[in-house]
Structures are given as C-alpha cells and as structure tokens.
Amino acid sequence: MTDPTSVPSAETASGQAAPSGAAPGEAASEWRGVERALLPLRRLVLLSWLLPLAVAAGVVLALTLGAAWATCALLPLAAAAWGWGALRRNWRSWRYAERADDLLISHGVLWQETTVVPYGRMQLVEVTSGPLERRYGLSRLQLHTAAATTDATIPGLAPAEAARLRDRLTELGEARSAGL
C-alpha cells in the first residue's frame, strides 16, 4: 500500500530515517533497518554491469566510428555514478517492524511503499541466500500469502536475524490459525 500523503521521514535512534508512513503513536525504535552490507553488494552488481558495458561501447565505437564517438561510452559511467548515490538512498529506505498482529515492510525513495502482512495470512516464510549474498553475510526473507500481490520480501538481513524472524513469523502465523 502506498501513502502519498506521508510526511517527511523522522530519524530513528540509530540515526537512520524511519519510514514516513509510520502510524501515529508508533515508536520509531520499532522500525529495524537492513544490514549495511547490502549497499556494497548492490554497488558491486551495478558496477559489474555498467563498467564492462562502458568498456565494450568505447572499444566498439572507437573501432567503427572513430575516437570522437567513443566518448559516448561515458554514458554508462555517468549512470554508474548516479546509481552509486541512488543505491545508498534506496538502502536507507528499507525498514521492517514487527507488531502484535502484522509485519510492516517499508521501502522506496520517490515512491514509498509500505506493505502490511497480517500474521494470519502468511502461508510460507522462506529464507534464501545466493552466492553473492553469502559472500557478504546476507540473507533474504520472502513472505508468501494466499494472494500473490501481497507477497513481501526483506533483503539484506543477517542470517541469524533472518532465521529468528522466520521462526517468529512461523510461530505467530500458526498461533493465528494461518496456513503455515
């Protein structure tokens, strides 16, 4: 669910911004951010795509059209420079909060999105970690519900936190007569 009328985000005790869609009366300390290691991981992926593209474009353009056209290869480098800062803002936007009856997941810089997943609606809680995520000590928590549009993901969790959250959400889902 997106809240277009939200106010600017407030700083949490950790110094990172809490989502602006936080409900009135909610303590800012309830919101938890994702691990900082997610930022260098995503920057590595960004550079691994754009740097080879810039080199290939520069070589191909220089050989076929001349050296002047090779300057067009600076466009992927400009995109990488812009993406470097955009990834930091995106990383700071990821938050989640465990409440009594549901889990809130909030992210987004320009378009802020807050997903509310009631514990009783969860059917499957899955923790995954690909090779790069394992290298950076990260896991991803995937929540599956009956409606595919309400599935939610929390990237960039420490493996211990992802396992704790999976166990807690599974327990709460079972207690609320869910399909887990």
Side-chain angles (χ1 to χ4, degrees), residues 1-12 14-22 28 31-97 103-117 126-145 147-159 161-162 165:
M1 129 177 117
T2 306
D3 183 12
T5 62
S6 60
V7 294
S9 61
E11 293 289 319
T12 63
S14 65
Q16 294 181 343
S20 56
W31 289 98
R32 300 179 78 168
V34 296
E35 294 292 317
R36 183 164 183 81
L38 183 63
L39 182 59
L41 169 66
R42 288 189 169 175
R43 285 177 171 171
L44 174 68
V45 171
L46 173 78
L47 293 179
S48 68
W49 279 96
L50 292 179
L51 289 181
L53 178 64
V55 170
V59 169
V60 168
L61 290 173
L63 293 176
T64 58
L65 299 175
W69 284 97
T71 58
C72 292
L74 295 176
L75 290 175
L77 296 179
W82 177 83
W84 193 267
L87 285 174
R88 177 170 175 75
R89 290 186 299 276
N90 180 270
W91 164 74
R92 288 177 55 95
S93 75
W94 277 95
R95 301 281 173 265
Y96 65 97
L103 177 72
L104 298 175
I105 302 170
S106 178
H107 65 93
V109 178
L110 293 177
W111 287 272
Q112 296 175 352
E113 181 177 326
T114 301
T115 304
V116 180
V117 183
E126 183 177 31
V127 175
T128 59
S129 186
L132 276 177
E133 289 172 317
R134 284 193 306 275
R135 168 70 177 92
Y136 282 86
L138 298 173
S139 292
R140 171 184 304 267
L141 185 88
Q142 176 85 32
L143 303 167
H144 298 278
T145 61
T149 58
T150 58
D151 286 359
T153 302
I154 306 174
L157 294 174
E161 173 63 8
L165 199 53

Give, for atom [atom1] of [X] and atom [atom2] of [Y], the distance between the pair rounded to the nearest 0.5 Å.
| X | Y | atom1 | atom2 | result |
| --- | --- | --- | --- | --- |
| L77 | L47 | CG | CG | 9.5 Å |
| L38 | L87 | CG | CG | 9.0 Å |
| R36 | R88 | CZ | CZ | 5.0 Å |
| L132 | S48 | CG | OG | 8.0 Å |
| T153 | I105 | OG1 | CD1 | 7.5 Å |

Can you find a heavy atom in the side chain of [X] that is under 4.5 Å from one in the side chain of [Y]?
| X | Y | result |
| --- | --- | --- |
| V116 | L103 | no |
| Y96 | L141 | no |
| R32 | E161 | yes |
| T115 | L143 | no |

If you look at every heavy atom in [X] and [Y], which pair is closest and at what distance?
| X | Y | answer |
| --- | --- | --- |
| G58 | A70 | O-CB, 3.6 Å |
| V34 | G156 | CB-O, 3.5 Å |
| R92 | R95 | O-NH2, 2.9 Å |
| P159 | G137 | CD-O, 3.2 Å |
| S106 | T114 | OG-OG1, 3.5 Å |
| R42 | P155 | NH2-CG, 3.7 Å |

| Qualifying residues under side-chain hydrogen bond (donor to acceptor under 3.5 Å, both in side chains), relative to Y136, sequence neighbours excluded | none
Any donor-acceptor N/O pair, [X] side chain to [Y] backbone, under 3.5 Å:
| X | Y | answer |
| --- | --- | --- |
| R43 | W84 | yes |
| N90 | G108 | no |
| R140 | T128 | no |

| field | Those residues that, when tested against L75, pass side-chain contact (heavy atoms from CB on, under 4.5 Å) (two or more places apart) | value | none
| task | Report the C-alpha separation of L138 and L157 in whole Å, then their side-chain angles, then the decisive distance to 0.1 Å, and conclude whether the side chain to side chain contact (heavy atoms under 4.5 Å, CB included) test is met. | result | CA-CA 5 Å; L138 298 173; L157 294 174; over 6 Å; no
| message | Does R135, at its CZ atom, have more than 12 non-hydrogen atoms belonging to other residues, nucleotides or ligands within less than 6.0 Å? | response | no
